[in-house]
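Notes to accompany the following structure.
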Amino acid sequence: MGGSSGPRLSGMQRQVLGLYRGFLRAARLKSIEDRQKIESIVSAEFRHNAKHVDRKNFLYIEYLLRRGKKQLDQLKSPDIDGLSSLDVGLSQTHHTKA
Amino acid sequence: MAATARNALLKYLRVQVEAVPRNPSTTSSSVFLNSFNALRRHFSTEEVRGSFLDKSEVTERVITVVKNFQKVDPSKVTPNANFQSDLGLDSLDSVEVVMALEEEFGFEIPDNEADKINSISLAVDFIASHPQAK
């Protein structure tokens with residue numbers, strides 16, 4: 001994402017980064033072990049999409065944002081370790097293509 | 001206007017300061033004036049009470065955190081390094097770096113501020129002017 005472009009970010013980019021930050025914050029509240037798992041899955045998911053999703057495919061990115069927000073809300077619940085719901089997210093991205 | 005802003009700020013400070021007792025190792029009493037001026041620029045209010053970290057200490061700790069970031073070549077980390085053009089980080093990496101700085105300094109950086117921090121010097125300026133940094 002972003003490449004060498006300066007600090008100016010589009011609204012959508014800021015939403016994506018905000019979502020990423022939200023996941024990392026939520027992960028902090030889990031056990032150390034869960035936190036590491038969540039961080040690696042979330043990071044892989046965001047990087048995968050940053051690389052493979054066409055940056056002009058706004059509809060699809062909006063869909064991913066909505067789905068991510070829902071997953072984040074679930075992850076924030078104290079009795080969820082986050083892994084199974086995120087696994088579903090990962091497998092879905094393999095089918096969807098811009 | 002200025003009065004309401006000040007009250008809002010004071011309230012904000014009071015709640016947060018007692019909430020996060022992390023990093024007890026650092027002293028908070030040293031060099032007040034540098035950061036005080038920085039804060040004046042930020043909030044244009046003169047009577048904010050709080051403790052500020054010494055800017056050189058902040059620089060040193062920020063550099064240590066960034067050097068420890070696994071994607072960074074430690075030899076490229078200088079006080080003026082830009083995360084993207086000098087250190088080769090992308091915007092997701094920058095989010096991770098800023099999150100690591102939050103943990104190092106024991107306070108939360110709001111999204112709109114975090115999005116602007118894309119270099120060591122901007123990170124240092126922000127943290128040194130922030131009374132909650134520990």
Side-chain angles (χ1 to χ4, degrees), chain A residues 1-32 34-56 61 64-65 68-69 71-73 75-76 82 86 89-90 93, chain B residues 15-16 19-23 42 62 65-66 68-73 76 80-127 130 132-134:
Chain A
M1 306 179 66
S4 60
S5 64
R8 283 250 52 90
L9 296 166
S10 74
M12 200 172 254
Q13 282 175 310
R14 265 186 277 125
Q15 283 186 63
V16 172
L17 296 180
L19 184 66
Y20 189 48
R21 205 174 279 123
F23 271 105
L24 297 183
R25 283 197 205 292
R28 281 178 181 172
L29 305 174
K30 309 292 176 185
S31 70
I32 297 176
D34 286 339
R35 174 179 172 171
Q36 280 169 352
K37 282 188 209 151
I38 293 168
E39 284 177 352
S40 72
I41 291 173
V42 169
S43 163
E45 168 86 0
F46 273 80
R47 285 177 193 288
H48 175 89
N49 286 330
K51 205 169 162 192
H52 296 283
V53 175
D54 179 355
R55 57 209 278 99
K56 295 246 164 62
I61 298 172
L64 289 174
L65 278 167
K69 277 174 201 159
Q71 289 172 325
L72 176 55
D73 283 341
L75 185 64
K76 281 178 180 166
L86 286 165
L90 260 185
T93 56
Chain B
V15 174
Q16 294 294 324
V20 203
R22 268 188 266 171
N23 275 334
H42 254 104
V62 168
V65 168
V66 176
N68 284 333
F69 194 70
Q70 78 256 21
K71 289 177 195 159
V72 165
D73 174 357
K76 291 188 179 159
N80 293 314
N82 180 286
F83 293 163
Q84 306 195 343
S85 52
D86 297 319
L87 303 180
L89 299 177
D90 64 20
S91 54
L92 291 173
D93 295 322
S94 298
V95 167
E96 292 175 26
V97 168
V98 173
M99 298 282 294
L101 292 174
E102 284 189 344
E103 291 196 86
E104 165 68 19
F105 291 93
F107 75 110
E108 199 163 294
I109 302 175
D111 281 13
N112 58 338
E113 298 291 346
D115 281 339
K116 290 182 216 152
I117 299 178
N118 68 346
S119 67
I120 303 268
S121 60
L122 281 175
V124 170
D125 286 347
F126 181 76
I127 292 166
H130 212 287
Q132 287 158 259
K134 301 214 166 40

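Few gaps surround NZ on B:K71; more than 12 heavy atoms of other groups in view lie less than 6.0 Å from it.
Checked for salt-bridge contact, A:R28 and B:E102 meet the test: a charged N lies under 4.0 Å from a carboxylate O. Between A:R47 and B:D90, at least one side-chain N (NZ, or NE/NH1/NH2) sits under 4.0 Å from a carboxylate O, which counts as a salt bridge.
The most heavy-atom pairs under 4.5 Å with chain A, out of B:N112, B:D93, B:N82, come from B:D93. When each of B:S94, B:S119, B:A114 is checked for heavy-atom pairs under 4.5 Å with chain A, B:A114 comes out on top. Heavy-atom pairs under 4.5 Å with chain A peak, among B:V95, B:V98, B:I117, at B:V95.
Shown here for A:R25 and B:D111, the closest heavy-atom pair between the two residues is NH2-OD1, 4.1 Å. Shown here for A:L24 and B:M99, the closest heavy-atom pair between the two residues is CB-CE, 3.4 Å. Annotation for B:L92 and A:F46: closest pair CD1-CB, 3.9 Å, computed over non-hydrogen atoms.
The part of B:I109 that comes within reach of chain A is its backbone (N, CA, C, O), which places non-hydrogen atoms under 4.5 angstrom from that chain.
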**Asked** So B:D115 and A:R21, side-chain contact (heavy atoms from CB on, under 4.5 Å) or not? Walk me through it.
**Response** CA-CA 10 Å; B:D115 281 339; A:R21 205 174 279 123; 3.1 Å; yes
